[in-house]
Enquirer: 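Below: one structure in structure tokens.
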Number of protein chains: 4
Amino acid sequence: MNGTAATEATDATDATGTDRADGAQAAAPASDPRRGRPRSPAADTAIIEAVLRMIEDGVSIGELSMERIAREAGVGKATVYRRWPGKSALMLDVMRSLDTDIPPPAGVSVRDDLVGIIEFLRIRGLAKRNSALLRTVVTHVKAQPALWREYHETVVQARREVLLSVLRRGRECGEVRTDRDIDLLADLFVGPVLSRAVLHEWADLPEGLAEEIVDTVLEGVRPRD
Amino acid sequence: MNGTAATEATDATDATGTDRADGAQAAAPASDPRRGRPRSPAADTAIIEAVLRMIEDGVSIGELSMERIAREAGVGKATVYRRWPGKSALMLDVMRSLDTDIPPPAGVSVRDDLVGIIEFLRIRGLAKRNSALLRTVVTHVKAQPALWREYHETVVQARREVLLSVLRRGRECGEVRTDRDIDLLADLFVGPVLSRAVLHEWADLPEGLAEEIVDTVLEGVRPRD
Amino acid sequence: MNGTAATEATDATDATGTDRADGAQAAAPASDPRRGRPRSPAADTAIIEAVLRMIEDGVSIGELSMERIAREAGVGKATVYRRWPGKSALMLDVMRSLDTDIPPPAGVSVRDDLVGIIEFLRIRGLAKRNSALLRTVVTHVKAQPALWREYHETVVQARREVLLSVLRRGRECGEVRTDRDIDLLADLFVGPVLSRAVLHEWADLPEGLAEEIVDTVLEGVRPRD
Amino acid sequence: MNGTAATEATDATDATGTDRADGAQAAAPASDPRRGRPRSPAADTAIIEAVLRMIEDGVSIGELSMERIAREAGVGKATVYRRWPGKSALMLDVMRSLDTDIPPPAGVSVRDDLVGIIEFLRIRGLAKRNSALLRTVVTHVKAQPALWREYHETVVQARREVLLSVLRRGRECGEVRTDRDIDLLADLFVGPVLSRAVLHEWADLPEGLAEEIVDTVLEGVRPRD
DNA sequence: AGCTAATCGAGACGGTACGTCCCGTCTTGAA
DNA sequence: TTCAAGACGGGACGTACCGTCTCGATTAGCT
């Protein structure tokens with residue numbers, strides 16, 4: 001016998017997860033919302049806050065056990081499980097709690113609107129505070145296809161829509177070519193940021209990147225004469 | 001879309017990971033490689049194969065316990081741990097076992113070489129069989145920064161170098177503009193594929209995508225008159 | 001109402017219990033006893049000892065959680081559950097570990113043999129050390145009919161057999177009447193001790209009790225003239 | 001047989017137990033009995049009935065959780081705890097609700113009175129319906145010394161008194177020897193029933209047992225010549 | 001009729017223990 | 001020294017109860 005014990009990462013066991021993952025603002029109980037003692041909003045807060053605090057303190061996803069979350073939140077385990085069916089669903093709500101809506105495009109010029117959107121991605125994705133948080137949380141969510149799809153359809157999709165509307169406007173006013181699938185065009189702008197963040201994520205995304213990307217994509221890589 | 005999509009991983013608990021992750025081609029024992037019973041190559045194979053089989057059968061990363069891997073491979077747990085220090089290191093080798101070298105560019109035209117590279121990414125990343133495999137494995141590797149950096153420096157870097165050399169050739173022959181950072185240009189080509197694979201990874205990447213991407217990026221999104 | 005209060009039973013959640021409750025000397029694993037690491041006899045001992053120590057320290061049956069037993073024994077919970085299917089089965093083995101074989105009757109006279117047996121009961125049942133121990137443990141075992149039956153059939157029955165053999169001998173030599181069921185006669189001797197212990201168990205059973213009981217039962221309550 | 005059989009109880013976790021275990025006939029509220037909504041007698045009934053019903057349905061004491069009792073009685077948990085401080089106190093009241101007073105001895109002959117008392121024990125303790133009930137309930141009560149003492153002093157003592165008075169009468173009229181402690185004599189009659197019920201409780205106590213016991217104890221086991 | 005107050009069913013609260021599973025290490029006999 | 005098997009101490013999992021608390025809704029006696 002020994003003392004070494006475990007460690008490691010792992011994850012989720014199931015992939016269920018999304019029963020009631022409708023945001024941190026806890027839904028009403030199943031049967032009759034006005035019967036019985038109401039759920040304590042303080043508990044909701046305490047749990048989410050505990051997760052955020054732990055992550056900021058450098059606790060890895062593997063150490064983020066439900067057991068420990070409940071303990072640090074000063075809450076019974078059952079209180080956590082009453083709100084979320086598992087760690088993954090909780091993480092999803094933690095992720096959502098960090099979401100900032102993408103600012104609506106100013107509408108001055110198509111080029112500037114595109115820069116605004118890409119700049120938002122650059123900053124949101126790597127801003128000091130969110131960075132560590134999201135890296136940990138997103139990892140967990142991504143690891144479960146069902147959750148990731150859920151997140152994608154609620155949050156990511158909405159943001160893409162903003163980008164698409166700008167591109168459509170660009171088409172109407174002749175700023176954007178119409179002979180390509182509009183989804184492909186959207187990926188041309190988003191992809192590079194993603195690439196920088198994903199493939200060499202330990203580097204910071206430099207200022208001015210958004211403009212450089214937008215301009216190059218608009219004008220093309222082949223030199224115009 | 002948003003920046004969150006761009007973030008990633010972490011975790012690790014241990015961060016050990018790479019002590020001896022020198023591939024499935026089993027290293028020699030510590031003290032004297034010629035003494036005692038040699039490691040069974042059959043065991044190496046059985047383990048890697050078991051992981052691949054399980055993933056193909058839809059086993060999620062969370063259910064991929066070392067315990068189960070050993071059981072499924074008909075192998076003692078110690079036999080697994082003798083080869084890899086943990087699940088992550090094993091996963092890294094599983095990933096490597098799937099690697100195919102990027103074919104060298106034909107060198108006919110810059111545009112065609114670029115298409116070749118992007119087409120390789122499209123197929124490698126999403127080909128029916130590998131897709132599920134990689135998604136599961138990569139998730140785990142990404143979740144541990146040390147491992148991911150290792151993988152990145154070994155495999156990703158090499159591929160990028162091929163792309164960069166093509167771009168440099170393009171600059172020399174005037175096919176590619178020189179007023180932009182060459183790394184940025186590389187991301188313009190790689191990013192869109194990544195975006196498709198990461199942000200809506202459950203969709204298949206259609207044929208012809210590589211050409212469409214390369215051509216649009218080369219020519220630009222703004223219509224040339 | 002009545003003395004039946006003296007009866008018992010039930011409980012148990014499962015009532016399973018006895019799969020392998022064949023004494024503390026741990027059985028071999030299910031499949032092949034010679035394969036794999038053998039069970040540690042030290043663990044067997046540590047667990048039983050921990051229970052005994054705790055009980056002697058006045059830990060109540062309600063506080064005797066498997067969790068705590070494992071902790072105090074310096075043993076993993078799984079190690080406990082590998083040996084016993086539940087708390088009850090463990091308790092049964094703890095009980096057995098305390099058993100002392102009833103000394104064989106000297107065979108001098110029937111009356112003295114009877115006194116010897118009853119005296120054994122008086123002492124065993126209430127001896128300082130065992131008393132506290134047994135009270136706690138027996139409670140748990142009695143609370144589960146299946147376990148209690150098991151215990152009865154293995155231990156109690158054997159002791160009764162000794163008593164019965166003495167009575168049979170008494171019949172042969174005319175010391176014991178033959179017009180009554182021999183099992184009834186046995187109860188006439190055992191019952192009074194039981195009654196004292198069960199109905200007013202907080203009192204100590206006084207010395208000389210055995211002789212008084214045996215003599216009175218032999219001679220009868222109605223005065224002989 | 002052995003002394004272990006004679007041991008008992010303990011446990012308790014709380015040991016509170018008897019604070020207010022004054023029977024199901026619900027006490028008045030603390031402050032002013034006349035103010036506020038009175039306790040519903042229907043709830044009292046529902047709770048006791050639920051326990052009885054469950055026990056008759058074979059629910060073991062371990063499955064008899066307060067939670068389940070309340071649920072099954074269609075009553076809030078607080079309503080149960082308002083009446084009893086814990087499961088044990090409730091059980092004690094359930095026990096009491098089953099009590100039948102021992103019939104006063106006819107007084108015809110000492111021998112017949114003794115048979116009457118023992119017969120009562122035989123039937124009460126093992127009558128098909130009560131048997132299961134009592135076994136379950138008594139187990140729980142016995143497991144807590146404080147409760148058991150309470151029950152003993154209230155109920156058992158009273159019954160013993162009846163037996164003792166008969167024995168005293170027997171002494172006066174020369175039917176019972178006077179050279180033995182009268183408490184011991186009482187145990188000689190009660191013990192055998194107890195022994196049968198406790199040591200092999202799953203068997204039924206046959207008719208005629210009472211007479212057989214009384215006669216044998218009166219006359220003695222040694223044959224009279 | 002209105003007020004006060006204790007009740008009701010329901011169910012959430014912080015805890016603790018359950019029994020199962022996995023971690024990474026250790027220990028068998030056999031090869 | 002390896003192998004398969006499986007036990008080891010440790011710890012998280014998700015469930016069930018504990019006894020308490022808090023809801024809105026009765027249900028009485030008192031003004």
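No hydrogens, no waters, no symmetry mates; every other heavy atom, side chains included, goes into these values. Residue numbering restarts at 1 for every chain, and letters A, B, ... go by the order of the sequence lines. The structure displayed is predicted, hence computed values, not measured ones.
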Enquirer: Going by number, which of residues 65-72 of chain C have a non-hydrogen atom under 4.0 Å from DNA chain E?
Expert: C:S65, C:M66, C:E67

Enquirer: Shorter than 3.5 Å, N or O on both sides, protein versus nucleotides 20-27 of chain F: list them out with atom names.
Expert:
| residue | atom | partner | partner atom | Å |
| --- | --- | --- | --- | --- |
| F:dC21 | O2 | A:R37 | NH1 | 3.0 |
| F:dT26 | O2 | D:R37 | NH1 | 2.9 |

Enquirer: Can you check whether A:I48 reaches A:D44 side chain to side chain, under 4.5 Å on heavy atoms?
Expert: no

Enquirer: Would you mind reading off the distance between D:W84 atom CH2 and F:dC18 atom P, rounded to a whole angstrom?
Expert: 15 Å

Enquirer: Of A:L64 and C:A73, whose nearest nucleotide on DNA chain F comes first from the 5' end?
Expert: C:A73

Enquirer: Shortest non-hydrogen contact from C:I69 to C:A50?
Expert: O-CB, 4.2 Å

Enquirer: So, do B:K77 and B:M66 sit near enough that their side-chain heavy atoms are less than 4.5 Å apart?
Expert: no

Enquirer: Tell me the closest heavy-atom pair linking C:W84 and C:D93, and the distance in Å.
Expert: NE1-OD2, 2.6 Å

Enquirer: Would you check if B:D57 and B:M54 make a side-chain contact, meaning some heavy-atom pair closer than 4.5 Å?
Expert: no

Enquirer: Between atom CZ in C:R39 and atom P in F:dG6, what is the gap in whole Å?
Expert: 11 Å

Enquirer: D:A43 and D:T79: which non-hydrogen atoms are nearest, and at how many Å?
Expert: CB-CG2, 3.9 Å

Enquirer: Check this one for me: any side-chain N or O of D:T79 less than 4.0 Å away from OP1 or OP2 of E:dG9?
Expert: yes

Enquirer: Answer yes or no: does a side-chain N or O of A:S40 lie under 4.0 Å from OP1 or OP2 of E:dA12?
Expert: no

Enquirer: Looking at B:R68 and B:V59, what are the two nearest heavy atoms and their distance?
Expert: NH2-CG2, 3.6 Å

Enquirer: Between A:L64 and A:M91, is any pair of side-chain heavy atoms under 4.5 Å apart?
Expert: yes

Enquirer: Quick one: closest heavy-atom pair of C:A73 and C:A46, and the distance?
Expert: CB-O, 3.6 Å

Enquirer: In terms of the nearest nucleotide of DNA chain E, which residue is placed more toward the 5' end: A:P41 or D:A43?
Expert: D:A43

Enquirer: In whole angstroms, how far is the C1' atom of F:dA7 from the CG atom of C:D44?
Expert: 11 Å

Enquirer: Rounded off to whole Å, could you give me the CG-to-C1' distance for the D:L90 and F:dG19 pair?
Expert: 14 Å

